[in-house]
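Any value given below was found using the heavy atoms of this structure, including those in side chains, with hydrogens, waters and symmetry copies removed. The model shown is predicted, which means the values in this text are computed figures rather than measured ones. To find a chain, count down the sequence lines: A is the first, B the second, and so on, and within it residues start at 1.
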Number of protein chains: 2
Amino acid sequence: MGIAERKERQKAELREQILTAARTIVLERGYRGLSMRKIADAIEYSPAALYLHFASREEIALQLCREAFLELLGYMASAGAIADPYQRIFAIARSYVRFGMEKPESYRLIFMEEQSFVDSVMGPKALEDPDEPGTRAFEFLRATVEALIARGIFRPVDPEAAAHVIWAAVHGLVSLRLSCPGSPFEDIDALADLLCDTLMRGFSSGAGDAAG
Amino acid sequence: MGIAERKERQKAELREQILTAARTIVLERGYRGLSMRKIADAIEYSPAALYLHFASREEIALQLCREAFLELLGYMASAGAIADPYQRIFAIARSYVRFGMEKPESYRLIFMEEQSFVDSVMGPKALEDPDEPGTRAFEFLRATVEALIARGIFRPVDPEAAAHVIWAAVHGLVSLRLSCPGSPFEDIDALADLLCDTLMRGFSSGAGDAAG
DNA sequence: GTCTATAATTTGATAGAC
DNA sequence: GTCTATCAAATTATAGAC
């Protein structure tokens with residue numbers, strides 16, 4: 001059965017080649033610049049060959065999206081080691097911003113191109129599956145908020161809503177910066193710190209003061 | 001000179017017809033659905049005729065963008081009558097969200113389609129001209145923040161940075177909702193209120209408590 | 001599995017007649 | 001000013017040969 005296995009292997013390899021080529025194109029020229037022809041040229045196959053592995057251009061993009069989100073999750077997870085949930089939220093937000101600044105085209109692909117892409121990772125359907133990267137990322141944030149409430153550090157808001165608000169606010173900062181790069185304002189990190197600091201203070205129960 | 005005037009009038013009218021048709025198309029099918037041919041069909045002219053009034057499709061879109069931003073400014077300005085700056089910021093944010101929800105395609109056009117569109121209204125170049133709608137909107141917010149700091153209600157942050165952060169946070173909420181409409185979370189108004197409330201608390205000097 | 005060839009569209013923009 | 005005709009290009013996707 002070695003022959004069948006080799007065929008499997010080759011098929012998987014080609015699939016990976018397609019994705020790698022697509023990734024490179026998206027990273028260099030954005031999602032708009034991604035076409036089946038360009039992928040085919042890059043891997044030196046005919047365009048028709050791609051359709052043996054992916055049903056459509058969109059399906060390729062969705063796969064890249066998923067990968068990119070896993071990468072974002074990786075950035076965020078680096079904050080998981082921080083025991084203090086307060087510091088952890090800070091770190092999550094910072095790593096989120098860092099992902100956006102370091103991998104702008106990945107960020108764009110997930111959140112700023114097609115509605116169906118955001119939906120595929122963060123939509124209602126995805127959030128039902130606990131294994132989906134979107135669910136894991138959101139859950140990570142939600143649990144951190146919950147811990148803060150449990151300890152009386154945050155006032156008793158709905159942790160789900162609070163997590164959503166935090167996510168949205170940081171997303172706003174990142175996406176606005178990506179859309180409008182020559183902003184006359186301070187560097188994004190200073191703004192991100194101000195945003196985090198403000199949100200932390202805003203959610204805090206009032207007993208302890210927010211750290212700078 | 002009656003003839004020349006009539007010609008002027010007719011020219012202006014046609015220009016307006018083009019924009020109206022384009023507006024309708026964008027509102028119904030988004031910016032992606034906007035093409036010179038569709039505009040031409042709608043006004044019953046040939047595609048070539050459009051180029052007598054606009055240099056390109058992009059120029060038409062930029063004009064629509066400007067209009068849309070003026071409409072957003074109108075929404076925000078309704079909050080201008082509120083004397084108390086604290087309540088005013090709330091009202092600005094709420095009207096901003098309302099604009100996004102009531103005119104999603106306008107919001108998309110300005111902030112979520114082409115980088116050059118955001119740039120044309122909120123980019124560094126636009127922000128140098130005090131008459132630009134983007135400048136006026138941002139200035140309105142900045143001045144309100146400044147008033148709050150002057151009264152000691154907000155802690156002494158950089159008003160420019162604070163205004164930017166507030167804008168970005170609300171933008172994040174709106175844009176995320178537009179990209180991901182079937183969100184399982186509460187209605188956007190509740191989230192917007194939570195966001196505003198949290199930001200207000202976060203910026204407050206700590207003396208007075210935030211209002212619900 | 002892979003290719004060649006091509007269908008079927010759509011696009012923005014222009015040349016030149018009237 | 002306006003139209004017809006068209007260019008030049010790009011796209012996704014498929015049919016059919018090998």
Side-chain angles (χ1 to χ4, degrees), chain A residues 1-22 24-26 28-65 109 113-117, chain B residues 1-26 28-65 109 113-117 120:
Chain A
M1 284 293 130
I3 292 174
E5 281 170 5
R6 172 183 53 82
K7 281 188 179 172
E8 275 299 306
R9 221 166 35 235
Q10 286 180 335
K11 179 158 183 164
E13 255 168 41
L14 184 48
R15 189 188 150 93
E16 212 41 59
Q17 273 187 63
I18 292 170
L19 286 174
T20 301
T24 307
I25 294 168
V26 166
E28 281 176 359
R29 336 188 23 163
Y31 172 62
R32 329 291 264 261
L34 181 72
S35 79
M36 300 303 261
R37 277 182 143 75
K38 282 184 201 140
I39 299 172
D41 283 353
I43 63 173
E44 298 178 295
Y45 273 74
S46 79
L50 305 183
Y51 291 92
L52 276 301
H53 296 83
F54 294 94
S56 66
R57 169 177 175 254
E58 188 184 16
E59 217 186 79
I60 296 177
L62 280 172
Q63 185 57 37
L64 291 185
C65 232
L109 182 68
E113 297 289 357
E114 295 286 326
Q115 193 159 316
S116 62
F117 297 171
Chain B
M1 285 294 130
I3 292 172
E5 283 170 7
R6 173 183 53 82
K7 282 188 178 172
E8 274 298 308
R9 224 168 30 236
Q10 286 181 336
K11 178 157 183 163
E13 257 169 40
L14 183 49
R15 189 189 150 92
E16 213 40 59
Q17 274 188 62
I18 293 171
L19 287 174
T20 301
R23 210 177 294 125
T24 307
I25 294 167
V26 167
E28 282 175 357
R29 334 188 25 162
Y31 172 63
R32 328 290 265 262
L34 181 72
S35 78
M36 300 305 260
R37 279 182 142 79
K38 282 185 200 137
I39 299 172
D41 282 352
I43 63 173
E44 297 178 296
Y45 273 74
S46 78
L50 305 183
Y51 291 92
L52 276 301
H53 296 82
F54 294 94
S56 66
R57 169 178 175 252
E58 188 184 15
E59 217 185 78
I60 296 177
L62 279 172
Q63 184 58 36
L64 291 185
C65 228
L109 182 67
E113 296 289 357
E114 294 286 328
Q115 193 160 316
S116 63
F117 297 172
S120 74

What I want to find out is whether E13(B) reaches R6(B) closely enough, with some N-O distance under 4.0 Å, to be called a salt bridge.
no

I need the CE-C1' distance between M36(B) and dC7(D), as an integer number of Å.
16 Å

How close do S56(B) and Y51(B) get, heavy atom to heavy atom, and via which atoms?
CA-CE2, 4.3 Å

Please report the distance, rounded to the nearest Å, between CD1 in I39(A) and C1' in dT11(D).
13 Å

Rounded to whole Å, how long is the line connecting atom CD of E59(A) with atom C1' of dT12(D)?
14 Å

In whole angstroms, how far is the P atom of dT12(D) from the CG atom of D41(A)?
12 Å

Just checking A49(B): base, sugar-phosphate only, or nothing, at a heavy-atom cut-off of under 4.0 Å?
sugar-phosphate

Before you tell me yes or no, could you show the steps for I39(A) and R57(A) under side chain to side chain contact (heavy atoms under 4.5 Å, CB included), namely the whole-Å CA-CA distance, both residues' side-chain angles and the distance that decides it to 0.1 Å?
CA-CA 10 Å; I39(A) 299 172; R57(A) 169 177 175 254; over 6 Å; no

Please compare K7(B) and P47(B) by the position of their nearest nucleotide in DNA chain D and report the one closer to 5'.
K7(B)

Closest to side chain of L14(A), choosing from dT2(C), dC3(C), dA13(C):
dT2(C)

Length of the CD-P vector between E58(A) and dA13(D), whole Å:
9 Å

When R37(A) and S46(A) are each assigned the nearest nucleotide of DNA chain C, the 5'-most assignment goes to S46(A)

Are any of K38(B)'s side-chain N or O atoms less than 4.0 Å away from OP1 or OP2 of dT10(C)?
no

How close or far is atom C1' of dG1(D) from atom CG of L52(B), stated in whole angstroms?
6 Å

Nearest to the side chain of Y51(B), which nucleotide is it out of dA13(C), dC3(D), dT2(D)?
dA13(C)

Between dC3(D) (P) and L50(B) (CG): distance, integer Å
9 Å

With no angle test and no hydrogens, is the base of dT11(D) tied to the side chain of R57(A) by a donor-acceptor pair under 3.5 Å?
no

Heavy atoms from C-beta onward define the side chain here; which of dC3(D), dT2(C), dT14(D) lies closest to that of A48(B)?
dC3(D)

Verify the contact: side-chain N or O of S35(A) to OP1 or OP2 of dT11(D), cut-off strictly under 4.0 Å; return yes or no.
yes

Interatomic distance, L34(A) CG vs dT12(D) C1' [rounded to whole Å]:
12 Å

A quick test of your reading: do over 12 heavy atoms of other residues, nucleotides or ligands sit less than 6.0 Å from CD of Q10(B)?
yes

Within the structure provided, determine whether F54(B) and L19(B) are in side-chain contact (heavy-atom separation under 4.5 Å).
yes

